[in-house]
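Within every chain, numbering begins at 1; the chains are lettered A, B, ... in the order of the sequence lines, protein sequences first and strands thereafter. Everything numeric here is computed off the predicted structure, so don't read it as measured data.
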Amino acid sequence: MSPSEQARVVEAVLMVAAEPVPPGLLAELLETPVGQVEALCHRLAESYRTEQRGFVLARVAGGYRYQSHPHLAPFVERFLLDGQSARLSAAALETLAIVAYKQPVSRAQMSAIRGVNVDSVVRMLAQRGYVEPVARDSGPGQAVLYGTTDLFLERLGLDSLDHLPPLGDLVPGPDVVETLEAGLRAD
Amino acid sequence: MSPSEQARVVEAVLMVAAEPVPPGLLAELLETPVGQVEALCHRLAESYRTEQRGFVLARVAGGYRYQSHPHLAPFVERFLLDGQSARLSAAALETLAIVAYKQPVSRAQMSAIRGVNVDSVVRMLAQRGYVEPVARDSGPGQAVLYGTTDLFLERLGLDSLDHLPPLGDLVPGPDVVETLEAGLRAD
Amino acid sequence: MPYEVSTPVFEGPFDLLLHLVTVDQVDLYEVSISRIVDAYLAEMARMEALDLEVATEFALITAILIELKCRRLLPGPGDVDMDEEVAVWEERDLLLRRLLECKTFKDAGALLSRLADRASASLPRTAGLEERFAHLAPDLLAQVTPEDLRRAMGRLVAHRPRPRVDVSHLAPISLSVADAMAVLRERLAPRGQVTFAELTADLDDHLEVIVHFLAILELYMEGLLELEQAAPFGTLLVVWVGEGVAASAAAGLPARSSLS
C-alpha cells in the first residue's frame with residue numbers, strides 16, 4: 001500500500017472512531033511498523049494545519065483523533081447551545097430507565113432488553129454525565145457495568161435511587177421474566 | 001467572514017456533531033443565506049473528493065455529516081469489529097418498503113398488501129428506530145399510522161423521502177402482468 | 001442479533017400465489033386443490049421436522065384457494081349475463097391488482113436492501129461532543145420525571161413479543177350481521193318489497209353482500225320478511241312483513257305470521 005493510500009485508511013478509520021485510536025491498532029490495520037504510522041499521522045496533522053482546516057488531528061489519551069480547531073471554539077459552542085435538540089430521545093430514555101432500574105448493568109444486557117444495539121446511546125449518556133462505568137462483570141469478558149450518576153439523581157430531583165418510583169404493578173408474568181432472563185444470560 | 005473561514009467553521013462544527021447538521025442551522029451560525037451554505041458544502045465535498053481524502057462530506061436525512069469513504073469499507077469494518085446493525089429479513093424489508101412508500105399507513109393496510117399479519121414485524125422495525133407512529137387515522141378505530149424516521153433515511157443514505165426511487169419504476173413489467181393475468185383467467 | 005428467522009420458501013399466501021402463477025404457471029381457477037395440496041405435502045416432506053408455522057401456512061393457503069373458487073361460484077348480484085360477467089372480471093382484476101401490488105413491494109424491499117448495503121460502506125462520524133464542550137450541552141433531563149423512567153421501563157417489559165394466533169388471512173369484516181339487519185330494517189320497512197340485487201347494488205365487497213344475505217336469512221327466521229324466487233338463480237325478491245309496514249307503501253300486502 002502506498003503512503004497516500006495508508007493516509008486515506010487512517011483518515012477513514014479516525015473519522016468513524018468514537019474514541020482516540022492507539023497507533024498500535026492503526027499499525028495492525030495497515031500491516032506497517034508503529035513508527036511509520038506515527039510519522040504518517042504526523043504528516044497528516046501537519047497537512048491539516050497548513051491547509052488551515054477547521055479540524056485538527058490530535059494526540060490524546062494514547063491515541064489519535066479528530067477534534068475541532070481550538071480557534072473555532074466560539075462557533076462550536078454556539079452550535080452546541082443553539083443546535084442541539086434539548087430533548088431526550090425515546091431510545092435514550094429507555095436506555096436510561098434500564099440503567100436506573102437494573103444497575104449495575106452491561107451494554108450487552110441493555111441491548112438484550114431493548115432489542116437493539118445501545119452503544120452510541122450509552123456513549124451519549126456517559127458524555128452527558130448521566131451514567132458511568134461503576135464496575136466490571138466478574139464473568140468471562142469482564143464487561144463494563146454501568147450505573148447512574150449523582151448528576152442524574154440531582155437532575156431528576158431524587159435523593160437516592162431508593163426514591164425511584166417502584167416498578168410494582170409493571171412486573172411481568174413469570175413467563176416473560178423467564179424470557180428476559182434467558183436473554184440476559186445469553187451474553 | 002471570508003468563504004475559506006466559513007468553510008473552516010463548517011468543518012469544525014461537523015466534526016463534533018453527532019447527527020446530520022441541517023444547512024439552515026449552519027446558515028444561522030455563519031449569518032449567511034442557506035443557498036450560500038449549500039454551495040459552500042458542495043465545494044467542500046468536491047475538494048475532499050479531488051484531494052482523495054479517506055472521508056466524504058455526505059448529504060443525508062436533510063443534513064450534512066462526515067462519513068468514511070466507501071472504498072475504504074474493508075478497513076473500517078475490520079476496525080469496528082462489532083458488527084453494524086443486523087440485517088433485515090425479506091419480510092421486514094417488504095414491510096419497511098410499504099411504510100416508506102405509503103406513509104402514513106396503518107398496520108391493517110400493511111397486512112392487506114402483504115397478505116400476512118405484520119404486527120411483530122412492525123414492532124421490530126419500531127424498536128430498531130426505522131418506523132414510528134406519526135398520526136392516527138381519522139376513521140373509526142383511529143388506527144395508529146406509521147411513517148419512516150430520519151434513522152431510516154440515514155441507513156439508506158438518502159437525503160429525503162423524495163430521493164427514494166419512484167415506485168412506478170418498480171411496478172412489474174408487461175411480461176409479469178401478462179403471466180399473472182393468464183394465471184388468473186376467469187374462465 | 002444472533003440470527004434471523006426466515007420461513008423456508010413462502011412468506012404468506014400472496015407470496016405463494018405469486019410463485020404458483022409466475023413460476024409454476026398454474027391457472028388458479030382451473031387447477032384442482034388436490035394438486036396444490038400434493039405440491040405442499042412434497043414441500044413439507046423435504047423439511048426435517050414438521051414446522052407448525054409452515055403447516056399453518058399450508059392450511060391457510062388451501063383455505064384461500066377454496067375461498068377463490070367459492071367466490072367464483074357465488075351468484076353475481078344481478079341477473080345472469082352482463083352483471084355477472086362484469087362481477088367476475090372485477091373480482092379477478094382486484095386479485096390481480098393485489099398480486100401486482102404485493103410483487104411491487106417485494107421488489108421495493110429488495111431495492112431498499114441494496115440501498116442500505118451501498119450506504120453501509122460509508123459509515124458516519126459518531127464521536128460527538130468533545131469533553132471540553134461537555135458543560136455546554138443542554139440539560140436533556142430538564143423535561144424528564146422519575147415517572148417517565150418508570151413508564152419507559154414498563155413499555156420495555158410489556159413489549160416482549162408473545163406467541164399469537166395469526167388471523168390475518170381472515171378478511172376483515174367491517175359490517176356485522178347485526179349491523180346489516182338494522183340497515184335492512186330501515187331500508188325495507190318503508191319500501192315494502194325490493195330485489196336482493198337492488199339492496200346490495202351499492203356494495204363493492206363480496207363479503208358485505210354475504211353479510212347482507214345472512215342478515216336477510218336472520219330476519220326471515222324472525223318472521224319479519226318473506227323471500228320469493230321464481231326460478232333457481234332467478235331474481236330474489238325480499239318482502240317486508242314486519243312492523244312498520246302499515247304506514248308504508250307496501251300497506252296493501254297481507255300480513256303474515258311468523259314462520260319461526
Select one option (side chain, backbone, both, neither) describing which atoms of A/E51 are under 4.5 Å from chain B's heavy atoms. side chain
Quick check on A/L14 against chain B: is it the side chain, the backbone, both or neither that has a heavy atom closer than 4.5 Å?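 Contact with chain B: none, neither part.
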Taking salt bridge (charged side-chain N to carboxylate O under 4.0 Å, His left out) as the test, write out the residues that go with A/E31, two or more places apart.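 In terms of salt bridge (charged side-chain N to carboxylate O under 4.0 Å, His left out), with neighbours along the sequence ignored, A/E31 is linked to no residue.
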Pick from B/E132, B/Q67, B/H69, B/E28: which one has the most heavy-atom pairs with chain A under 4.5 Å? B/H69
How far apart are the closest heavy atoms of A/F75 and B/V13, and which atoms are they? O-CG2, 4.4 Å
Locate the shortest heavy-atom distance separating B/A12 from A/S68; write the atom from each residue and the value. O-CB, 3.6 Å
Part of B/L29 lying under 4.5 Å from any heavy atom of chain A: both
Within the structure provided, determine whether A/Y66 and B/Y66 are in side-chain contact (heavy-atom separation under 4.5 Å).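 Side-chain contact under 4.5 Å: no.
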Got a list of side-chain donor-acceptor pairs under 3.5 Å for residues 37-45 of chain B, not counting sequence neighbours?
residue, atom, partner, partner atom, Å
B/E38, OE1, B/R59, NH1, 2.7
B/E38, OE1, B/Y64, OH, 2.6
B/E38, OE2, B/R59, NH1, 3.3

Tabulate, in ascending numerical order, the residues of residues 158-170 of chain B having at least one heavy atom closer than 4.5 Å to a heavy atom of chain A, or enter 'none'. none
Looking only at heavy atoms, which of residues 1-11 of chain A get nearer than 4.5 Å to chain B?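 Checking residues 1-11 of chain A against chain B gives A/M1, A/R8, A/V9, A/E11.
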Report the option among A/L26, A/V56, A/V16 that has the most heavy-atom pairs separated by less than 4.5 Å from atoms of chain B. A/V16
